[in-house]
Amino acid sequence: MKIAVIGTGTTGSEVLNLLEDDQIVGPFDSSHPPTIEKLKSADAAIIFVPGSAVDDIINIVMDAEIATAWGSTGYDWPHEELDSELKKRETKWVHASNFSLGMNIARRCLKIIGNGSEILDEPEFSIHEIHHTGKQDAPSGTALAWERWLGKEATITSERKGDIKGIHQLKMETDFETIQLQHEAHDRAIFAEGALWAVRQLTDTSFEPGFYSMETLFDQKMG
């Protein structure tokens, strides 16, 4: 399977490390931008660029009509429009603020906590995320996703220090007890690994053309 890699930053470099040389198309970045012709020579694309760079390449990727995993955060995806256009082109895309497969296990835990909290007396929720100093968006897209998965309003705080790959913490408190959940990324390779897993799922004929979230792919595969 040939993969076009767009974005050669910290996570994009991890994708390259997981691929054999003969699997790589590109890589592409701002000094070596992708073209439709070059992308069409790949079976799929994995993209880790800042949200601010998405508009510069989204039309090129769309015209290439190949399965694509987008790891860009801080971008307002027009879900319905993209889903409709991808279906017309019989193309599949997946996007995620965090491609970690372990994060999807945490997501299921968050839903259980959120639903179970209904029986508690005035629980309070807080989400804290910590990332490296180079991360541009705050709060992280994953922290916002945690609140959505929880299904409850939460106070979200952010911290930027060192080279931390990503820590997300949930605390639920009542007058009588505290429940905490934490996910910590030890190596950015987990995001690259998850993106590779995602594009491989897109090539499965059980997935129809359209615009998917990582959680939809994970749940459909896990049952």
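Atoms considered below: every heavy atom in the structure, side chains included; atoms not considered: hydrogens, waters and symmetry mates.
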Quick check against the 3.5 Å criterion: does [X] have a side-chain atom that pairs as donor or acceptor with the backbone of [Y]?
X: K92; Y: E208; answer: no
X: S117; Y: L120; answer: no
X: S41; Y: K38; answer: yes
X: H32; Y: P27; answer: yes
X: S13; Y: T10; answer: no

What closest approach, in Å, do [X] and [Y] show between heavy atoms, and which atom pair accounts for it?
X: V199; Y: M1; answer: O-CE, 3.9 Å
X: M172; Y: P123; answer: CG-CB, 4.0 Å
X: K87; Y: P209; answer: CG-O, 3.4 Å
X: K165; Y: A185; answer: CB-O, 3.3 Å
X: G12; Y: F48; answer: N-CB, 4.2 Å
X: L196; Y: L19; answer: CD2-CD2, 3.7 Å

Exercise for the section: Ignoring hydrogens and angles, state whether a donor on the side chain of S140 or H168 is under 3.5 Å from an acceptor on the partner side chain. Expected result: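 Yes.
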Problem - Side chains of W146 and E129, donor plus acceptor under 3.5 Å - result: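 No, no side-chain donor-acceptor contact under 3.5 Å.
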Measure the spacing between [atom1] of [X] and [atom2] of [Y] and express it to the nearest 0.5 Å.
X: T142; Y: W149; atom1: OG1; atom2: CH2; value: 6.5 Å
X: E14; Y: D187; atom1: CD; atom2: CG; value: 5.5 Å
X: R107; Y: N98; atom1: CZ; atom2: CG; value: 11.5 Å
X: I190; Y: T11; atom1: CD1; atom2: OG1; value: 9.5 Å
X: I24; Y: I3; atom1: CD1; atom2: CD1; value: 10.0 Å
X: I105; Y: M103; atom1: CD1; atom2: CE; value: 11.0 Å

[atom1] of [X]: more than 12 outside heavy atoms within 6.0 angstrom?
X: Q136; atom1: CD; answer: no
X: D76; atom1: CG; answer: no
X: E173; atom1: CD; answer: yes

Handout entry: Step-by-step side-chain contact (heavy atoms from CB on, under 4.5 Å) determination, M62 to L86
Key = CA-CA 8 Å; M62 179 68 76; L86 289 166; 3.7 Å; yes
Exercise for the section: Using the side-chain contact (heavy atoms from CB on, under 4.5 Å) rule, take V25 and L39 through it: C-alpha gap first, then chi angles, then the decisive distance, then the call. Expected result: CA-CA 7 Å; V25 176; L39 292 181; 5.7 Å; no
Taking the side chain as everything from C-beta on, heavy atoms only, tell me whether [X] gets closer than 4.5 Å to [Y].
X: Q201; Y: F207; answer: yes
X: P33; Y: I57; answer: no
X: L144; Y: S97; answer: no
X: D43; Y: T203; answer: no
X: T68; Y: I6; answer: no
X: F218; Y: R108; answer: yes

Same cluster or not: [X] versus [Y], using hydrophobic residues (I, L, V, M, F, W, Y) connected whenever any side-chain heavy atoms lie under 4.5 Å apart?
X: F191; Y: V49; result: no
X: V5; Y: I36; result: no
X: M222; Y: I112; result: no
X: W70; Y: W197; result: no
X: F125; Y: I130; result: no

Cationic N near anionic O, under 4.0 Å, [X] to [Y]:
X: E215; Y: R148; value: yes
X: R89; Y: D63; value: yes
X: D219; Y: K221; value: no

Exercise for the section: Indicate the ring-plane relationship of W77 and Y75, choosing parallel, tilted or perpendicular according to the 30° and 60° boundaries. Expected result: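 Correct class here is perpendicular.
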Practice task
Could you check D121 against F176 for side-chain contact (heavy atoms from CB on, under 4.5 Å), going step by step and ending with a plain yes or no?
Solution key: CA-CA 10 Å; D121 185 24; F176 305 114; 5.8 Å; no
Practice task
Any chance you could lay out the side-chain contact (heavy atoms from CB on, under 4.5 Å) test for L82 and E85, step after step, and finish with the verdict?
Solution key: CA-CA 5 Å; L82 279 177; E85 183 63 26; 5.6 Å; no
